[in-house]
Amino acid sequence: MFGMLTETQAQQEERLLDEEEKIAPTAIYDLKLLRECKSSRRRWKFFCVLVFILTFTSVAQLYLSLSEFKNQLLVTTLNRVKSAELTKDIDIIPIHSHNDEWRRLPLYDALRVGAQSVEADIWYFDSDPETIFVGHNKVFLSSKWNLDDMYLNPLFSLIGQNNIAKRFEDENVSTRRNGIFYNNLHQTLYFYLDIKSNGEKTMAALEDKLSPFINNEYLSYYDSETDEFVEGPITVIITGNYPYDFIVSKTKRFFFIDAPLFKFKDDEELAKYNHSFISLASSASLYELTESRRALGGVSGLSESQVETISSYIDIAHNNDIKVRVWETPSWPIRTRNEVWKQLITLGADTLNVDDLYAATTFF
């Protein structure tokens, strides 16, 4: 610790004292002056290090504060951007923005590249019933990262902008609400909500949050009384801790389940999802399908055995009119990642699960 002498320093001090006894009185003053200078140098070094640490910490905090302010300012600006300006000249591509809340600009980054599907991890707690938190890890949840501000408010605004001008519409034209994408107003946005907390409580809170979308006919739905599916600007798909019975019990259902693809070879399991539009889409990790987290073909991607296995699951899903997404595929090396993406597209995967949005756009 600072201010305490080490054993070596103590020995040096003893030697200096011995030398003092041998030195003439006239020279003792010069020796003491020298020792004081050495002590002052040590204190000065300590002071400089302390100042450096404090300065570095202050600069780092200032940088983080400015970065956060810059992001908040950018989000505020984007919230004022017109839907046409955001998605004009953007081709819609079948990619899924995995863990979208991790992006610098959640939702907006995905829409800017034309991502057809977006996923957010959500949490609900009885202690804060007005808030649905967004985040992958419970430890890092914050009230400022919530479903309303990050997704629902921007989506409602963007869709609302595309459904204002009614004076040019023909009465005989379909009254279906327009979607978000400028190049294809009838393209639905698949909005995945990965429930991390209690399923039923989260769904109850979610229904309340989405009531403005339901009232304005912005959501896809299935009517069990008429056995009719109506696609809207947004199709909400529930994954994670979804409460199966809670969802399928609804007469008019605005939520659809992300079915477990890896269970589709079990007829009883498949029967839970392949009717009444309970599931429009399914997904599974590479490990759940092939019992391996790696692409066993090395840099060439998936092995022949992995390709055959995945293909068999895709065939089952497609034969039941259910879309397919495979997640947790290798992200490194880049060449392997790209080869796996190519193979999945060739096999007929309907949506490519990606973390690197801009890299994925080059495949379509």
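All of these numbers come straight from a predicted model, not from anything done at the bench. Reckoned from all heavy atoms, side chains included, excluding hydrogens, waters and symmetry mates.
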A.B. asks: Please check: side-chain N/O of Glu328 versus main-chain N/O of Tyr287, any donor-acceptor pairing under 3.5 Å?
C.D. replies: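 No; zero donor-acceptor contacts below 3.5 Å.
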A.B. asks: Using ring centroids (six-membered ring only for Trp), state whether Trp327 and His98 fall under 6.0 Å.
C.D. replies: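 When the ring centroids of His98 and Trp327 are compared, they turn out to be at least 6.0 Å apart.
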A.B. asks: Is the centre of the Phe256 ring less than 6.0 Å from the centre of the Phe277 ring?
C.D. replies: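 No, they do not, as the ring centres are separated by 6.0 Å or more.
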A.B. asks: With no hydrogens and no angle check, do the side chains of Tyr222 and Asp227 hold a donor and an acceptor under 3.5 Å apart?
C.D. replies: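 Yes.
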A.B. asks: Taking atom OG of Ser97 and atom CG of Asp356, what is their separation to the nearest 0.5 Å?
C.D. replies: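 Answer for the OG-CG pair, Ser97 versus Asp356, is 10.5 Å.
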A.B. asks: Would you call Lys144 and Asp149 a salt bridge, taking side-chain N to carboxylate O under 4.0 Å as the test?
C.D. replies: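 Judged by the 4.0 Å cut-off on N to carboxylate O distance, Lys144 and Asp149 do not form a salt bridge.
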A.B. asks: Could you tell me whether a side-chain N or O of Glu339 sits under 3.5 Å from a main-chain N or O of Gly297, the two making a donor and an acceptor?
C.D. replies: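 Not a single qualifying donor-acceptor pair exists.
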A.B. asks: Please report the C-alpha distance between Glu217 and Arg176 in whole Å, then the side-chain angles of each, then the deciding distance to 0.1 Å, and finally whether the salt bridge (charged side-chain N to carboxylate O under 4.0 Å, His left out) criterion is met.
C.D. replies: CA-CA 8 Å; Glu217 301 177 354; Arg176 168 178 168 160; over 6 Å; no
A.B. asks: With a 4.0 Å cut-off, would you call Asp100 and Arg103 a salt bridge?
C.D. replies: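 Judged by the 4.0 Å cut-off on N to carboxylate O distance, Asp100 and Arg103 do form a salt bridge.
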A.B. asks: Among Asp121, Asp194, Asp258, find the residue that satisfies the side chain to side chain donor-acceptor pair (under 3.5 Å) test when tested with Thr239.
C.D. replies: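 Exactly one candidate clears the test, Asp258.
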A.B. asks: Do the two ring centres, one from Phe213 and one from Phe156, sit under 6.0 Å apart?
C.D. replies: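 Centroid distance Phe213-Phe156: below 6.0 Å, so yes.
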A.B. asks: Looking only at the aromatic ring of each residue, does the gap between the centers of Phe125 and Phe133 stay below 6.0 angstrom?
C.D. replies: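 Centroid separation for Phe133 and Phe125: below 6.0 Å.
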A.B. asks: What do you reckon, are the aromatic ring centroids of Tyr273 and Tyr244 less than 6.0 Å apart?
C.D. replies: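 They qualify: ring centres under 6.0 Å apart.
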A.B. asks: Between Lys265 and Phe262, is NZ or CZ placed under 6.0 angstrom from the six-membered ring centre and within 45° of the ring axis?
C.D. replies: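 The answer is no; the distance or angle limit is not met.
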A.B. asks: Any donor-acceptor pair under 3.5 Å linking the side chain of Arg293 with the backbone of Thr329?
C.D. replies: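 Side chain of Arg293 to backbone of Thr329: no pair is present.
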A.B. asks: Give, for atom CG of Leu280 and atom CG of Asp350, the distance between the pair rounded to the nearest 0.5 Å.
C.D. replies: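 Between atom CG of Leu280 and atom CG of Asp350 there are 11.5 Å.
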A.B. asks: Are Lys252 and Tyr221 in a cation-pi contact, defined as NZ or CZ under 6.0 Å from the six-membered ring centre and within 45° of the axis?
C.D. replies: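 Pair Lys252/Tyr221 counts as cation-pi.
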A.B. asks: More than 12 heavy atoms of other residues, nucleotides or ligands under 6.0 Å from CZ of Phe246: yes or no?
C.D. replies: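 Enclosed.
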A.B. asks: Report yes or no: is the cationic atom of Arg325 (NZ for Lys, CZ for Arg) under 6.0 Å from the centre of the six-membered ring of Tyr190, at an angle within 45° of the ring normal?
C.D. replies: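 No, Arg325 does not lie over the aromatic ring of Tyr190.
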